[in-house]
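Written below as structure tokens is the structure these notes are about.
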Amino acid sequence: MKNMFLLGECMIELMTTSSNTMKQSFAGDVFNTAVYLKRTFADVNVQLVTAVGKDPFSLNMIQYFKDENIGTDLVFTSDTKIPGLYSIQLDEHGERSFTYWRENAAARQVMQHIQSEQIAQLSAGDMFFFSGISLAVVEPQARNDFWSMVKQLKASGVQIVFDPNYRPRLWQSPNEAKAQFELAFHAADTLLPGIDDFEQLYAINNAADMIGFLAPFGIDELIIKNGPESVVALFNQSEPVEFKVKPVTNVVDTTSAGDSFNGVYLGARMNGIAVLDAIDLASKSAAFVIQHKGAIVDKVEFNQFSKTLSLS
């Protein structure tokens, strides 16, 4: 069985359902990725690396992880902190905006819980995934410990995967984000960037310029989510290949488009599925997810959909 570790944050999600009513659930970019990976590829051992509190929300969150068959061996608990919280609003096109409350989030202190024993456990994995949001959430004084850990994992042969998910409000400045992202680009074996994130941070708005910008980092597998129209892949030192995506006419909520793509793509690659076939599966999954409200689609409904995918 392949072992996948994902470091990040799961938050309490509140979605407006009427003028004075909100629905509560759990979500977060790395957690969403873990869910869609495990739902689609049950044979992968998926472990979330995060921290929560001991409050009722945290206990329910841990139970939710277990209900999704996500391992909790590296879900740490804090005596004083609680999960972060965010609310989500959608416009008429399914595009989302967020309001966050995460200053007291336990996940910010996750590196305090990771010592040599935990690093040894992570080093036995096949793949380690983190995002730009993961980096931003980790307390600045703990980032050196984070990069030391990543270096050890890479030296142990663990495949390092990074999604440069950029949220400006989480960083003190764009330069702070760029410095951390550069370290991630050097470490990553696989990179899963989106054009929108690069446009915000680097003023790069097309795949060709992104490929040129990232060329010095020698990334083995570069999968560019090029908006709703296509995915551009660069792998095995080949020329870039553009994969056209079938457009979705009924977009309800784009919240977890990239996360669901990441989860299914990485699960496919861990199962030996070729890059372009993995992109096909991931694109179809993302298209299905954005036709539903919320970051996490109903489990039964998604599982029924995943049965239509050819995973061999």
Side-chain angles (χ1 to χ4, degrees), residues 4-15 22-35 37-38 46-88 98-122 125 128-150 153 162-163 165-167 169-172 176-177 180 184 255-256 259 294-296:
M4 173 66 150
F5 293 94
L6 305 96
L7 184 145
E9 179 184 28
C10 184
M11 304 181 72
I12 302 165
E13 179 188 79
L14 298 177
M15 176 178 284
M22 304 187 88
K23 176 185 176 183
Q24 186 262 307
S25 56
F26 299 113
D29 68 329
V30 169
F31 172 66
N32 304 341
T33 296
V35 168
L37 195 164
K38 185 64 179 180
V46 178
Q47 295 273 344
L48 194 63
V49 185
T50 192
V52 299
K54 295 183 177 180
D55 55 282
F57 283 109
S58 293
L59 297 178
N60 289 338
M61 186 181 286
I62 292 172
Q63 185 58 53
Y64 188 31
F65 299 163
K66 294 177 180 179
D67 291 344
E68 290 289 347
N69 298 310
I70 293 172
T72 58
D73 291 349
L74 294 174
V75 175
F76 308 103
T77 56
S78 168
D79 292 326
T80 59
K81 301 296 182 180
I82 58 176
L85 180 148
Y86 74 96
S87 68
I88 180 170
F98 304 95
T99 304
Y100 293 96
W101 298 266
R102 61 177 6 134
E103 292 79 7
N104 204 34
R108 293 181 58 80
Q109 298 183 343
V110 65
M111 291 307 302
Q112 293 183 14
H113 303 277
I114 297 178
Q115 307 299 325
S116 57
E117 179 183 347
Q118 288 75 32
I119 292 175
Q121 186 175 349
L122 293 168
F128 178 78
F129 173 85
F130 64 101
S131 73
I133 294 176
S134 306
L135 280 178
V137 169
V138 169
E139 292 178 317
Q141 65 269 25
R143 288 180 187 148
N144 285 341
D145 291 337
F146 174 83
W147 290 118
S148 175
M149 176 188 71
V150 170
L153 300 186
F162 178 58
D163 177 359
N165 212 344
Y166 177 58
R167 297 292 182 269
R169 71 186 68 187
L170 295 180
W171 298 94
Q172 294 182 11
E176 181 194 27
Q180 291 297 307
T255 300
S256 200
D259 306 333
I296 306 295

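Each residue takes its place number in the sequence, starting with 1.
Taken to the nearest 0.5 Å, the CG atom of Leu85 stands 10.5 Å off from the CZ atom of Arg102. With rounding to the nearest 0.5 Å, the separation of CG in Asp259 from CG in Asn165 is 6.5 Å. The distance from atom CD1 of Ile12 to atom CH2 of Trp101, rounded to the nearest 0.5 Å, is 11.0 Å. Taking OH of Tyr166 as the start and CG of Leu135 as the end, the distance is 13.0 Å to the nearest 0.5 Å. In this structure, CG on Leu7 lies 9.5 Å from CG on Leu74, to the nearest 0.5 angstrom. Within the model, atoms CD of Glu103 and CD1 of Ile82 stand 10.0 Å from one another, a figure rounded to the nearest 0.5 Å.
Nearest heavy atoms, Ser256 versus Ala295: CB-O, 3.1 Å. Contact detail for Trp171 and Gly132: the closest heavy-atom pair is CZ2-O, 3.5 Å. Ser131 approaches Phe162 most closely through the heavy-atom pair C-CE1, 3.4 Å. When all heavy atoms of Ala142 and Met111 are compared, the closest pair comes out as CB-CB, 3.9 Å. Considering every non-hydrogen atom in both Ala105 and Glu9, the closest pair reads CB-OE2, 3.6 Å. When all heavy atoms of Ala107 and Thr50 are compared, the closest pair comes out as CB-OG1, 3.8 Å.
Using cut-offs of 30° and 60° on the angle between ring planes, the pair Phe130 and Trp147 is perpendicular.
Every residue two or more places apart in sequence or in another chain was checked for a side chain to side chain donor-acceptor pair (under 3.5 Å) with Gln109, and none qualifies. Lys54 is linked by a salt bridge (Lys or Arg N to Asp or Glu O under 4.0 Å) to Asp79, counting only residues two or more places apart in sequence or in another chain.
Of the possible donor and acceptor atoms, none in the side chain of Ser78 sits under 3.5 Å from a partner among the backbone N and O of Gly53. Side chain of Gln118 to main chain of Gln115: a donor-acceptor pair is present (N/O by atom type, distance under 3.5 Å, no hydrogens or angles). Checking side-chain atoms of Ser148 against main-chain N and O of Asp145 turns up no donor-acceptor pair under 3.5 Å.
Each of Gln47, Lys66, Gln63 was compared with Thr72 under the side chain to side chain contact (heavy atoms under 4.5 Å, CB included) criterion, and only Lys66 meets it. Of the candidates Ile114, Asp73, Val49, Asp73 is the only one forming a side chain to side chain contact (heavy atoms under 4.5 Å, CB included) with Gln121.
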**Message:** With side chain to side chain contact (heavy atoms under 4.5 Å, CB included) as the criterion, how do Cys10 and Phe65 come out once you've worked through the C-alpha distance, each side chain's angles and the decisive distance to 0.1 Å?
**Reply:** CA-CA 10 Å; Cys10 184; Phe65 299 163; 3.8 Å; yes
**Request:** In sequence, state the C-alpha distance, the side-chain angles, and the governing distance for Val30 and Ile133, and then conclude on side chain to side chain contact (heavy atoms under 4.5 Å, CB included).
**Result:** CA-CA 8 Å; Val30 169; Ile133 294 176; over 6 Å; no
**Asked** Step by step, would you call Leu6 with Ile70 a side chain to side chain contact (heavy atoms under 4.5 Å, CB included)?
**Response** CA-CA 10 Å; Leu6 305 96; Ile70 293 172; over 6 Å; no
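Within 6.0 Å of atom CD in Gln141, more than 12 heavy atoms from other residues, nucleotides or ligands are found, so the atom counts as buried in its surroundings.
Taking the six-membered ring wherever Trp is involved, the centroid distance between the rings of Phe5 and Phe128 does not fall below 6.0 Å. The aromatic ring centroids of Phe57 and Phe26 lie 6.0 Å or more from each other.
Met4 has its side chain out of reach of Lys38: every pair of non-hydrogen atoms, C-beta onward, lies at least 4.5 Å apart.
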